[in-house]
Protein chains: 2
Amino acid sequence: MKTLPQILSQRVVARSRIFTVEALDLRFSNGAEVGFERLQSGLNGAVLIVPITDDDQLVLIREYAAGMGRYELGFPKGKVDAGEGWREASVRECMEEAGYRPGQVTLLDSVSLSAGYMNHVTHLVAAEALVPATLPGDEPEPLDVIHWPLGDWKALLDEPEFSEGRAYAALLRTLLHKEML
Amino acid sequence: MKTLPQILSQRVVARSRIFTVEALDLRFSNGAEVGFERLQSGLNGAVLIVPITDDDQLVLIREYAAGMGRYELGFPKGKVDAGEGWREASVRECMEEAGYRPGQVTLLDSVSLSAGYMNHVTHLVAAEALVPATLPGDEPEPLDVIHWPLGDWKALLDEPEFSEGRAYAALLRTLLHKEML
């Protein structure tokens, strides 16, 4: 186990409505002193839900992704709200975005986005025993909901609109969860 | 193909040494108007390199990840510098961080981090036909370099220090590249 660097100073250097940038001055165990910047995310993290129907179809959504400036195909996801755990957030988001209430949720893994620059954590959750049920979401337009056979997962990787690294991670964990690898 | 929202306004609302936050006002095709924020990354993107030895060992590095505040196990990676393409950046970073010059590099895929909030793209690159050769990097301390048998990839997913979604994506693409799935 390596000795963690010592934090010499830590302060917020930029803030917008949803982003907070923190500057850190660190001293490594070899004496080197370096300045870093990182994004501060909410403490509760986010959930990414893989809804799987009883006949092994993935339930995907297509929504406008302002970061990339195009529509993105992916799994339902969202922030874990205050007072929620990953279970409650997963059930809520699955109903809001995919239109299903899961009878069973399983935490598959938790992944980071960019460990060097962000403290953001996404919990990857399998949602099974799905029953049609909706909750109103906060999307500006209705989401497209697409069923994709889990057995065709290689073709999903080749879809240009399916692009998030953490969605690949969720798919890999789902294949292991379903004992397909 | 859905009609993209119209961009009503676009401006920088926060900036630090390495982060730039842009605010966007968008009008969706149904008339809904919504404000978004996104992080602007460099135009050239980044590379994440999967170095594979001739005897099918992955070459991993362990380095301090300021975002998560702990050491992270992962693949060599870095920004594509001005004037470079993914090939040049991959060869350079592989020498700087892993200590090998690849004789063959293959673009496996390109992934986003968080398509809704960032325009960041990471190119996933397999690096093979490795020859020991180093270039000086800009790290504050020497990186640990670890060889991990590709056949033991499931155990790698279970390592808590191996946490980035895009690293999972790179591993999945590598398994397909090596015809192991």
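Residue numbers begin at 1 in each chain, while the letters A, B, ... track the order of the sequences. Side chains are part of it too, since the values below use all heavy atoms of this structure and drop only hydrogens, waters and symmetry mates.
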Show me the donor-acceptor pairs within less than 3.5 Å that the side chains of residues 67-85 of chain B make with the rest of the protein, sequence neighbours left out.
unit_1	atom_1	unit_2	atom_2	d
Arg70(B)	NH1	Glu72(B)	OE1	2.7
Arg70(B)	NH2	Glu72(B)	OE1	3.2
Arg70(B)	NH2	Ser163(B)	OG	3.1
Tyr71(B)	OH	Glu141(B)	OE2	2.6
Glu72(B)	OE1	Ser163(B)	OG	3.0
Glu72(B)	OE2	Ser163(B)	N	2.9
Glu72(B)	OE2	Ser163(B)	OG	3.1
Glu72(B)	OE2	Glu164(B)	N	3.4
Asp81(B)	OD2	Arg92(B)	NH2	3.4
Glu84(B)	OE1	Asp81(B)	N	2.9
Glu84(B)	OE1	Arg92(B)	NH2	2.9
Glu84(B)	OE2	Arg92(B)	NE	2.6

Do Arg173(A) and Tyr168(B) make a side-chain contact, defined as non-hydrogen atoms from C-beta onward lying under 4.5 Å apart?
yes
Are Leu60(B) and Leu150(B) linked, directly or through intermediate hydrophobic residues, by side-chain heavy-atom contacts shorter than 4.5 Å (ILVMFWY only)?
yes
Mark yes when over 12 heavy atoms from residues, nucleotides or ligands other than Tyr117(A) sit less than 6.0 Å from its OH; otherwise mark no.
no
From Ser112(B) atom OG to Phe162(A) atom CZ, the distance as rounded to the nearest 0.5 Å:
9.5 Å
Are Leu113(A) and Leu39(A) co-members of a hydrophobic cluster defined by side-chain heavy atoms under 4.5 Å apart?
yes
Within residues 121-135 of chain B, the residues sitting under 4.5 Å from chain A by heavy atom, in sequence order, are Val121(B)
With no hydrogens and no angle check, is any side-chain donor or acceptor of Arg166(A) less than 3.5 Å from a backbone partner on Gly165(B)?
no
One should read off an interatomic distance between Asp144(A) CG and Lys2(B) NZ, to the nearest 0.5 angstrom, of 3.5 Å
Is it possible for you to say whether Ile146(A) and Val59(A) belong to one hydrophobic cluster, with membership spreading through side-chain heavy-atom contacts below 4.5 Å?
no
Do Tyr64(A) and Ile61(A) sit in one hydrophobic cluster, given that two such residues count as connected whenever their side-chain heavy atoms are within less than 4.5 Å of each other, even indirectly?
no
By salt bridge (Lys or Arg N to Asp or Glu O under 4.0 Å), which residues pair with Glu88(B), not counting sequence neighbours?
none
For each of Ala167(B), Pro140(B), Pro142(B), tally heavy-atom pairs with chain A at distances under 4.5 Å, and name the one with the top tally.
Pro140(B)
I'd like to verify something: which residue of Pro160(A), Ser29(A), Ala169(A) has the highest number of heavy-atom pairs under 4.5 Å with chain B?
Ala169(A)
Report which part of Leu176(B) has an atom under 4.5 Å of a heavy atom belonging to chain A: side chain, backbone, both, or neither.
side chain
If you count heavy-atom pairs within less than 4.5 Å of chain B, which of Leu171(A), Ile7(A), Asp158(A) leads?
Asp158(A)
Region of Phe28(B) that comes under 4.5 Å of a non-hydrogen atom in chain A
side chain
In this structure, would Val47(A) and Leu107(A) fall into the same cluster of hydrophobic residues linked by side-chain contacts under 4.5 Å?
yes
Answer yes when Asp109(B) and Lys154(A) have at least one side-chain N-carboxylate O distance shorter than 4.0 Å, and no when they do not.
no
Contact leader toward chain A among Arg38(B), Gln40(B), Glu33(B), where contacts are heavy-atom pairs under 4.5 Å
Arg38(B)
Would a 4.5 Å heavy-atom cut-off, applied to side chains only, mark Leu181(B) and Leu175(A) as touching?
no
Output the residues of residues 13-26 of chain B for which the shortest heavy-atom distance to chain A is under 4.5 Å, in residue-number order; output 'none' if no such residue exists.
Val13(B), Ala14(B), Arg15(B), Ser16(B), Arg17(B), Ile18(B), Phe19(B), Val21(B), Leu24(B), Leu26(B)
If you count heavy-atom pairs under 4.5 Å with chain A, which of Ala32(B), Ser41(B), Ser114(B) comes out on top?
Ser114(B)
Could you walk me through whether Trp153(B) and Leu172(A) pass the side chain to side chain contact (heavy atoms under 4.5 Å, CB included) test, one step at a time?
CA-CA 11 Å; Trp153(B) 63 271; Leu172(A) 179 53; 3.8 Å; yes
